[in-house]
Amino acid sequence: MSSHATPTLKALAERLLAYEAAAGTPPGGKSPGEENSAAFRVCDTLCQPLGRLLGIAGFRALFSRALVLAGREISWLRALHIKADGSLEGLAELEAKLPADEIARGELALVTRVLELLVTFIGPALTLELIQQVWPKADFNDLNF
């Protein structure tokens with residue numbers, strides 16, 4: 001990961017993935033593989049507040065850039081695409097082909113890159129505030145940005 005992807009950002013990404021995995025699958029219109037993916041749910045959950053802040057096109061651009069950066073580390077991520085609404089496409093097919101630990105590694109890379117870009121563009125304080133608003137029951141106060 002790049003110099004911006006600090007251990008703190010990776011730890012935050014791990015916590016968000018664990019939080020979403022523990023929360024279970026929300027009801028919705030997503031395909032089964034994508035809606036079950038903790039990374040998809042983290043990014044989908046961030047889409048609403050970031051969509052208000054950046055617009056859906058801005059969120060899509062941020063998410064697309066994070067996918068490109070993460071794809072440099074985890075090659076199978078290059079097969080995924082961001083749809084016009086900002087949702088992730090293609091994960092269900094890959095989950096059927098790849099071992100769970102490889103999927104988890106890719107999800108961690110993707111979410112870490114999304115967080116990295118957020119910190120770069122809006123700063124660590126606003127990123128943490130946004131995360132706290134989106135996941136109000138989770139505790140991230142011990143993270144040192």
Acceptor/donor pairs from residues 48-61 side chains to any protein atom, 3.5 angstrom cut, sequence neighbours excluded:
| unit_1 | atom_1 | unit_2 | atom_2 | d |
| --- | --- | --- | --- | --- |
| Arg60 | NE | Ile82 | O | 3.4 |
| Arg60 | NE | Lys83 | O | 2.9 |
| Arg60 | NH2 | Ile82 | O | 2.9 |

Run the side-chain donor-acceptor check on residues 131-139: report pairs under 3.5 Å with partners two or more places apart or on a different chain.
| unit_1 | atom_1 | unit_2 | atom_2 | d |
| --- | --- | --- | --- | --- |
| Gln132 | OE1 | Phe140 | N | 3.4 |
| Gln132 | NE2 | Ala138 | O | 2.9 |
| Gln133 | NE2 | Glu129 | OE2 | 3.4 |
| Trp135 | NE1 | Glu20 | OE2 | 2.6 |
| Asp139 | OD1 | Asn141 | N | 3.1 |
| Asp139 | OD1 | Asn141 | ND2 | 3.1 |

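In terms of heavy atoms, Ala66 sits closest to Val114 at CB-CG2, 3.5 Å. Nearest heavy-atom pair, Ala79 versus Leu94, reported as atom, atom and distance to 0.1 Å: CB-CD1, 4.1 Å. Contact between Glu107 and Ala38 at its shortest, heavy atoms only, is OE2-N, 3.5 Å.
Residues that satisfy the salt bridge (charged side-chain N to carboxylate O under 4.0 Å, His left out) test with Glu102, not counting sequence neighbours, are Arg105. Looking at residues two or more places apart in sequence or on another chain, you find no salt bridge (charged side-chain N to carboxylate O under 4.0 Å, His left out) involving Arg78. Evaluation of the salt bridge (charged side-chain N to carboxylate O under 4.0 Å, His left out) rule for Asp142 yields Arg15 as partners, not counting sequence neighbours.
No side-chain heavy atom of Thr127 sits under 4.5 Å from any side-chain heavy atom of Leu130. Here the side chains of Leu88 and Cys43 are not in contact, with every heavy-atom distance at 4.5 Å or above. Proximity of Glu116 to Leu69: side-chain heavy atoms (C-beta onward) are separated by under 4.5 Å at one or more points. For the pair Leu110 and Val42, the minimum side-chain heavy-atom distance is 4.5 Å or more.
Under a hydrophobic-cluster definition in which Ile, Leu, Val, Met, Phe, Trp and Tyr are linked whenever side-chain heavy atoms come within less than 4.5 Å, directly or via other members, Val68 and Val119 are assigned to different clusters.
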